[in-house]
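Below is one structure; the comments refer to it alone.
Atom set for the values below is all heavy atoms of this structure, side chains included, hydrogens, waters and symmetry mates excluded. Quick caveat, the model's predicted, so the values are computed rather than measured.
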Amino acid sequence: MAQRGKAAWKQIGCFGILILCMCILTACSEKLTPKKLITAVSENMSDITSFANTVRLDIELEDVLYTTAVSMDIDMESTMDPKAGHAKGTAHLKMRGAELDSVLEIYQLIESGRRVTYSSLDGNWSKEVLENTKGSSITFDNSLFSEMADSVADFRIADETVVVDGQECYQMYGDVTGENLKALLGSEMLNAFGLVKLPDEDAISELMIPITFNVYKEEMLPARIVVDMSNVMNSLYDEFDKTTNVNSYSIKLDFSRYGEVEPIAVPEEVKAVTGIMQAPTEEEEGMLGQ
């Protein structure tokens with residue numbers, strides 16, 4: 001009887017060790033990698049109908065005679081269907097000894113198959129119409145994460161999670177090409193919506209730029225994106241023999257309110273003002289001449 005008991009316990013012990021080994025192997029095989037993380041984010045973003053985010057931009061360029069500084073705080077909202085975006089915030093500009101504070105507001109949406117941007121600086125509205133519906137400056141293409149999946153192989157995931165807006169997040173960091181960054185953030189954001197003149201717009205595409213992604217652990221959705229271009233921009237200015245010293249060139253985006261944003265519409269008074277100011281397109285001029 002005792003021998004049978006020992007044999008039974010031995011079998012149970014062997015079975016337990018087998019289960020433990022299987023658990024360890026399974027855990028190892030399911031180790032989170034940068035590609036798995038970005039793929040999960042991409043898949044989850046494909047189901048998102050809307051979201052909000054804030055943008056903090058800090059740039060300081062020091063030259064021989066003067067310093068140019070730009071700081072921006074912007075609240076943004078985006079909807080996926082229909083694709084539209086709204087941004088509003090403040091900008092502080094210091095240039096050649098003068099300082100200026102301004103209020104910015106932008107609406108961007110698709111009208112008659114064209115990308116239309118209504119933008120305001122201190123209440124003075126203008127309108128821009130482009131045939132190309134891609135390359136938006138404030139809306140967000142949620143397919144970009146899937147396109148980046150193959151370019152994050154050299155990224156790293158931090159050993160410890162971080163907290164963003166009170167929620168636990170994974171942190172992934174590495175370098176992306178300027179081309180990928182322009183696709184992700186928009187070229188307008190990279191040059192502070194036209195407030196900073198870069199030494200060469202095309203050269204940005206070839207740069208390798210450090211970026212950090214924070215991803216909500218529970219929802220597997222973007223929580224924060226941080227880009228610090230200070231060092232690479234210094235190198236770019238040096239490459240073009242500019243005397244400019246880049247003290248800071250950083251962009252931070254925080255994401256929230258997934259699926260909670262109301263439909264975005266341009267106020268009628270804005271349409272009325274820009275309708276008067278907007279020059280007719282070539283197609284419209286042709287129709288007027290008939």
Partners of T54 by side chain to side chain donor-acceptor pair (under 3.5 Å), sequence neighbours excluded?
none
Taken in chain and number order and not counting sequence neighbours, the residues that satisfy side chain to side chain donor-acceptor pair (under 3.5 Å) with S235 are none
Side-chain H-bond candidate by donor/acceptor type, Q108 with H86, under 3.5 Å:
no
Can you list every side-chain hydrogen bond (donor to acceptor under 3.5 Å, both in side chains) pair that touches residues 256-269, not counting sequence neighbours?
E77-R257
Can you see whether T67 engages K94 through a side-chain donor-acceptor pair at a distance of less than 3.5 angstrom?
no
Assess the side chains of S120 and E105: does a donor N or O sit below 3.5 Å from an acceptor N or O?
no
Taking atom types as modelled and ignoring hydrogens, do the side chains of D228 and S250 form a donor-acceptor contact shorter than 3.5 angstrom?
no
Are Y170 and L184 connected in the hydrophobic side-chain network, where two residues link if heavy atoms are under 4.5 Å apart?
yes
Which atom of M208 lies closest to which atom of P210, heavy atoms considered:
O-CD, 4.0 Å
Are more than 12 heavy atoms, taken from residues, nucleotides or ligands other than N231, located less than 6.0 Å from that residue's CG atom?
no
N247 versus N245, side-chain donor and acceptor atoms under 3.5 Å
yes
Hydrophobic clusters here meaning ILVMFWY residues chained together by side-chain heavy-atom distances under 4.5 Å, can you tell me if Y173 and Y249 are in one?
no
Euclidean distance, S126 OG relative to Y118 OH, rounded to 0.5 Å:
11.0 Å
What distance do I204 atom CD1 and K182 atom NZ have between them, rounded to the nearest 0.5 Å?
7.5 Å
Nearest 0.5 Å please: distance from the CD1 atom of I74 over to the CG atom of N53.
9.5 Å
Which distance, rounded to the nearest 0.5 Å, do you find between the CD1 of I251 and the CE of M189?
6.5 Å
Any donor-acceptor N/O pair, S42 side chain to I38 backbone, under 3.5 Å:
no
Would you say CG of D101 has more than 12 non-hydrogen atoms from neighbouring residues, nucleotides or ligands within 6.0 angstrom?
yes
From CE (M229) to CG (L236), nearest 0.5 Å
8.5 Å
Using distance alone, with no hydrogens and no angle criterion, decide if E168 and T161 have a side-chain donor and acceptor under 3.5 Å apart.
yes
Test item: V227 and I209 side chains (from C-beta on) under 4.5 Å apart, heavy atoms
yes
With a 4.5 Å heavy-atom cut-off, do K35 and F155 have their side chains touching?
no
Tell me which donor-acceptor pairs under 3.5 Å the side chains of residues 212-226 have, and how far apart each pair is, sequence neighbours excluded?
from	atom 1	to	atom 2	distance (Å)
N214	OD1	Q171	NE2	3.1
Y216	OH	F255	O	2.8
R224	NE	D254	OD1	2.6
R224	NH2	D254	OD2	3.1

Nearest 0.5 Å, what's the CG-OG1 distance between D63 and T68?
7.5 Å
Y66: which other cluster members, linking ILVMFWY side chains closer than 4.5 Å, directly or transitively?
V64, L65
Which residue pairs pass the salt bridge (Lys or Arg N to Asp or Glu O under 4.0 Å) test when at least one of the two sits in residues 52-61, sequence neighbours left out?
R56-D58, R56-D73
